[in-house]
Amino acid sequence: MGPLIPNGIIPIEWDSIIAILIGIAFGFILESSGFSSSRKLAGVFYGYDFAVLKVFFTAGIVALIGIYYMDYLGFLDVAQLYVHPTYLWGAIIGGVIMGVGFVAGGFCPGTSLCAVAIGKIDAIIYVLGIMIGVFIFSEFYPLFDELYTGSFLGNITLVDSLGVSPYWLIFIFAIIAIIAFVVADFVGKKIKKVFY
Amino acid sequence: MINRNLVKVLSFRYPIIAAIFLILAGGLVLLPKYEKQKGIAPQELLNKSTSPERYISTDQLADIIINQDPSYIFVDVRDEESFNKYTLPNAVNIPLKQLFDEDLVMYLNQDQFDVVLFSNDNFYADQAWILCNRLKYKNLHVLKGGLNEWYNTIINPPFPNENMPAQDFELFSARKAASMYFGVAYPEQAKKEVKAPIKTAPKKIVPVKKKKKMPVEGGC
Amino acid sequence: MKELEKTKRLSIAAVISILVVLIGLLTFKRPKIVYNVNAATTIEKITNPDYLISLNNINNPDYILIDVRNKFEFDRGHLENAINIDASEILEDENLKIFNELKKDNKTVLLYGKNPNEAIPPYMLLYQLGFDNLKILTVENSYQQNKLVTKNIEIEKSVADINAFIQESIKKAEVQPKPQPKVVSTPKKIVPVKKKKKMPVEGGC
């Protein structure tokens, strides 16, 4: 069966409609998990709330295990899935910038839009900031071009670059996730509760 | 108001979920592995390969070459030795053994050109065609009868008998003209110039784009 | 127990996810006929002439002849002790059962058709499904006065040296050496296939 759209089970014209539906579901789940609160999001950096870590790591592991089971059973062909290309230095620097923005503003781009939807003023300012950033980036693109398209490594995955069996990698990741949750709980108990 | 037993069970919810994860992930490691087989459904492949749709006749092929149709690539699946001896104008040599060599397969795995596979007969070409079709390569054709048929009909067309219909004579003169194009000389046309085939521009092959994939939105 | 106040939401989510898994499992159908040999191995097999056999060597009790022509042709004439399985019906259950049994009994199956080319599709299909006890009989069948005539032929034999023929014809025509229409094989420019499509994507959430 494979991925539904590339294999023509769902016609390609539907992809924007499906994108909207998935987007609505994603926004709903972000909001109902409380991720439209900047305090909750920033909590993971200050150590009083690890909901972000737990939710996203769990989601990642569930998806990972699910996809590989589906691949094993023949529902899905992992080889046909899109792999995001890696631009090493661009990713590192972009990641640092985003991390700083995350701690300082208490939102990441997706949750900021979620928070705008429920009318948070800080989120509106945050989104304006994003827009200004986008504007600066596009206006000065020639300056960043080398960084943006340089150190291109192709559509690689950890499985390709480490050369290990994906199944072992998943197993190791599951263990890492569980350890991370235990540690997060432990740290969360030590830190003074902040009420928000 | 809240069931006490439920509360008791749910207080262990995190260890339970962690255990489920570990069991599922461990299961992936322990499951017996099997080699994944790529390709279209065997039934479909059989239907395609028993139908004569893939064949292209030598007359059609001569027409294509003489008209210098730029949308065709000719692929010779014989070995290199026979390829050097004689092949069709502008043919590419992909010996059957190296069919899936990385730098040769791009002639086959593309959707821009029509590819005509040929060999001496159509035995090897058919085999190559079936394998390529299993892997969903598109626009592939096979020269019916291969180069032997090419020799018998185009290069050395049989002179029709007197009691054959007029069409056969027309066909013969068309084939004769074609054979002159491919370099065969006839005594009566000694004076005539044989036009050398004009060099066709090298074709640029754009490989098949992998079907569109949804750009992923990374979660945060 | 803050989560328990949201039991409704939790149970709805749980029911939906279980439903999705159930629907997935119920619609799951493993295709009945699957390949067992990949394309690269098949290439190796078919470039080694082991799988071809000529008419002289078929007198072996372990050899079973299978005629892949249609029933009409088969009835007109066929080799002795041959079984008729039309090439286009080779994947039908009962026919696959025959092949399975022959494989279990360690028999070698010889496929033949009007000519060797006709035996290729069934051979290739069955080989890729994992039947490695097949051979193609390199014979050509024709009729002479309604009697089947079976001839050995050589696979992919070149009937004539075309270049030599062209040279010969030029010599015969006594044409002055003129621009010999050379076979121009221009190396074509190719853009290598990228394994995965690169697409500028906006990441981040």
Side-chain angles (χ1 to χ4, degrees), chain A residues 2-8 12 15 18-19 22-23 26 30 35 41 52 54-56 58-66 68-69 71-74 77-84 98 102 107-112 155 165-175 177-179 181-182 185, chain B residues 10-45 47-48 100 102-103 105-106 109-111 131-139 206-220:
Chain A
L4 296 177
I5 291 177
N7 284 353
I12 198 153
D15 58 357
I18 290 168
I22 293 175
F26 184 54
L30 280 185
F35 287 167
L41 284 170
V52 176
K54 283 178 188 162
V55 167
F56 281 103
T58 313
I61 295 290
V62 169
L64 197 56
I65 293 176
Y68 271 87
Y69 266 105
D71 177 60
Y72 184 84
L73 294 172
D77 185 4
V78 166
Q80 279 187 40
L81 293 181
Y82 174 76
V83 176
H84 199 72
M98 174 169 154
F102 202 161
F107 288 117
C108 74
T111 53
S112 73
N155 308 57
S165 149
Y167 303 115
W168 278 107
L169 203 71
I170 292 168
F171 188 58
I172 292 165
F173 254 91
I175 292 173
I178 289 163
I179 292 172
F181 296 154
V182 172
D185 258 3
Chain B
L10 283 180
S11 63
F12 288 109
R13 61 199 183 281
Y14 291 132
I16 290 172
I17 291 172
I20 290 175
F21 271 169
L22 279 183
I23 290 166
L24 285 178
L28 272 180
V29 175
L30 295 178
L31 277 175
K33 303 296 177 296
Y34 62 94
E35 194 195 0
K36 272 243 181 102
Q37 294 295 338
K38 281 192 282 187
I40 59 173
Q43 190 61 60
E44 196 186 337
L45 184 61
N47 290 345
K48 275 175 149 183
F100 296 122
E102 228 169 85
D103 34 341
V105 80
M106 63 190 61
N109 187 12
Q110 42 81 34
D111 52 7
L131 284 174
C132 289
N133 255 269
R134 173 181 167 184
L135 299 176
K136 285 196 210 166
Y137 297 171
K138 272 177 264 167
N139 303 338
V206 177
V208 174
K209 296 236 171 75
K210 280 273 159 85
K211 277 199 188 143
K212 205 199 155 214
K213 281 146 193 167
M214 298 282 287
V216 239
E217 293 289 321
C220 63

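Every chain is numbered from 1, with letters handed out A, B, ... down the list of sequences. Just the heavy atoms: all of them, side chains too, but no hydrogens, waters or symmetry mates, feed the values below.
- Atom CG in B/Leu30 sits 12.5 Å away from atom OH in A/Tyr167 (nearest 0.5 Å).
- Under the ring-ring contact (aromatic ring centres under 6.0 Å, His included) criterion, B/Tyr137 pairs with no residue, sequence neighbours left out.
- Scanning for side chain to side chain contact (heavy atoms under 4.5 Å, CB included) contacts around A/Val55 gives A/Phe35, with sequence neighbours left out.
- In this structure, chain B has a heavy atom under 4.5 Å from the side chain of A/Ile178, while its backbone stays farther away.
- Contacts between residues 15-23 of chain B and chain A, counted as heavy-atom pairs separated by less than 4.5 Å, involve B/Ala18, B/Phe21, B/Leu22.
- Residues B/Leu28 and A/Phe171 have side chains not in contact (no heavy-atom distance under 4.5 Å, counting atoms from C-beta outward).
- With chain B as partner, the option from A/Phe181, A/Tyr69, A/Phe173 having the largest number of non-hydrogen pairs under 4.5 angstrom is A/Tyr69.
- Qualifying side chain to side chain donor-acceptor pair (under 3.5 Å) partners for B/Asn139, counting only residues two or more places apart in sequence or in other chains: none.
- With a 4.5 Å cut-off on non-hydrogen atoms, A/Thr58 touches chain B through its backbone and its side chain both.
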